[in-house]
Amino acid sequence: MGRSRTSRRRPADAQAVTESVDGGLAQLVPDPDRPRARTLLIDGAPQSHVDLDDPAYLSFEYQRRLGHVIDLAAPPGRPVQAVHLGGGALTLARYVAATRPRSTQQVVERDAALVQLVRRELPLDPNARIRVRSTDAREGLGRIPDGWADLIIADVFSGARTPAHLTSTEFLDEVRRVLKPSGVYAANVADGPPLAHLRGQIATVAARFPELALIADPAVLRGKRFGNAVLAASGLPLPLAELTRRAASDPHPARVEHGGRLTDFTGGAVPVTDEAAVASPAPPPSVFR
């Protein structure tokens, strides 16, 4: 996944931790190159990577792309109020806490057993202002006051699929309610050929936000393979030039689409409503081999 390698080796006694959680079988697997780093897998599918020595390090491609959005959502180092829908190993909440000290964050992660495992094995910095709620993402979002968030990140998967009720215009109405007028929404969207789900999600987000950008591997955009794309949206113009530069300079370079090219990419897809919403497609088994 484009990790940078170092000469450090994990301690000889580092062992994987395996436990049943609400979403399946969770594993925390030591990173051979980072002594206090672990990769979280659920039923064999990689979910998150955390380095307790360096929480600003993002190993997974899609998390680095979300990291670019986080970096550009406000001036460098300025604290933000952030909502994370989907927690995993709390990688991105840790990233915000490390790069934007004094930020206030709310994480909504339905899997209470997973939260307990992560808190025990990968404890949060006690000084980080991170509150974790174990409830459904849309329900948790509904409890947050109007205009509270500078940043909302949606990275919710159940059985490697994003639940249908988190893909609709009605869900995005809640997102816009919670965001400040200048706030930024970012979502991790997984899809493969023929990219019908991704095109529908672009149309859905575009129906609720005037400014929109898509960050993805060119091979994914061409429908050559299953993969992750990051949608970023706001009521105000996005920093497209810097976002493009950062995405292109990644170990696995990504492309940023916006404006007319992004509209053309949707191919006439229409916004998704609660009534018509379906879960995102399941990834093929080959993705995790």
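We're numbering straight along the sequence, starting at 1.
- The backbone N or O of G24 sits nowhere less than 3.5 Å from a side-chain atom of D43 that would complete a donor-acceptor pair.
- In terms of modelled atom types and a separation under 3.5 Å, the side chain of T91 and the main chain of H49 share a donor-acceptor contact.
- At a cut-off of 3.5 Å, with distance as the only test, no side-chain donor of H84 or D155 sits close to an acceptor on the other residue.
- At distances below 3.5 Å, at least one donor-acceptor pair connects side-chain atoms of R138 with backbone N or O atoms of H165.
- L236 approaches P181 most closely through the heavy-atom pair CG-O, 4.1 Å.
- When atom types are taken as modelled, the side chain of T162 and the backbone of V156 share a donor-acceptor pair closer than 3.5 angstrom.
- Judged by distance alone, the side chain of S234 and the main-chain N or O of P237 form no donor-acceptor pair under 3.5 Å.
- In this structure, E109 contributes its side chain and G87 its backbone to a donor-acceptor pair below 3.5 Å.
- At a threshold of 4.0 Å, the pair R36-D31 does not count as salt-bridged, since none of the basic side-chain nitrogens sits closer than that to a carboxylate oxygen.
- D173 and R208 are joined by a salt bridge, as a carboxylate oxygen and a charged side-chain nitrogen come within less than 4.0 angstrom of each other.
- Minimum heavy-atom separation, P163 to S158: CG-CB, 4.2 Å.
- In this structure, the side chain of R177 engages the main chain of L141 through a donor-acceptor pair within 3.5 Å.
- With a 6.0 Å cutoff to the six-membered ring centre and a 45° limit on the axis angle, R176 counts as a cation-pi contact of F209.
- Panel note: side chain T204, backbone P271; no donor-acceptor pair is recorded below 3.5 Å.
- Here the side chain of R129 pairs a donor or acceptor atom with the backbone of R102 at under 3.5 angstrom.
- Salt bridge status for R143 with E174: absent, with no side-chain N to carboxylate O gap under 4.0 Å.
- Of the residues L58, N228, V230, the one that meets the side-chain contact (heavy atoms from CB on, under 4.5 Å) test with R65 is V230.
- Ion pairing between R100 and D150 fails under the 4.0 Å rule for side-chain N and carboxylate O.
- The closest donor-acceptor contact from the side chain of Q105 to the backbone of V96 lies at 3.5 Å or more, if one exists at all.
- F265 places a side-chain heavy atom less than 4.5 Å from the side chain of L198.
- Checking R225, K224, R64 one by one against D217, the salt bridge (Lys or Arg N to Asp or Glu O under 4.0 Å) holds for a single residue, R225.
- More than 12 heavy atoms of other residues, nucleotides or ligands lie within 6.0 Å of CZ in R246, so this atom counts as buried by the packing criterion.
- Taking each heavy atom of V108 and A137 in turn, the nearest pair found is CG1-CA, 3.7 Å.
- P123 and L52 get closest at one heavy-atom pair: O-CD2, 3.9 Å.
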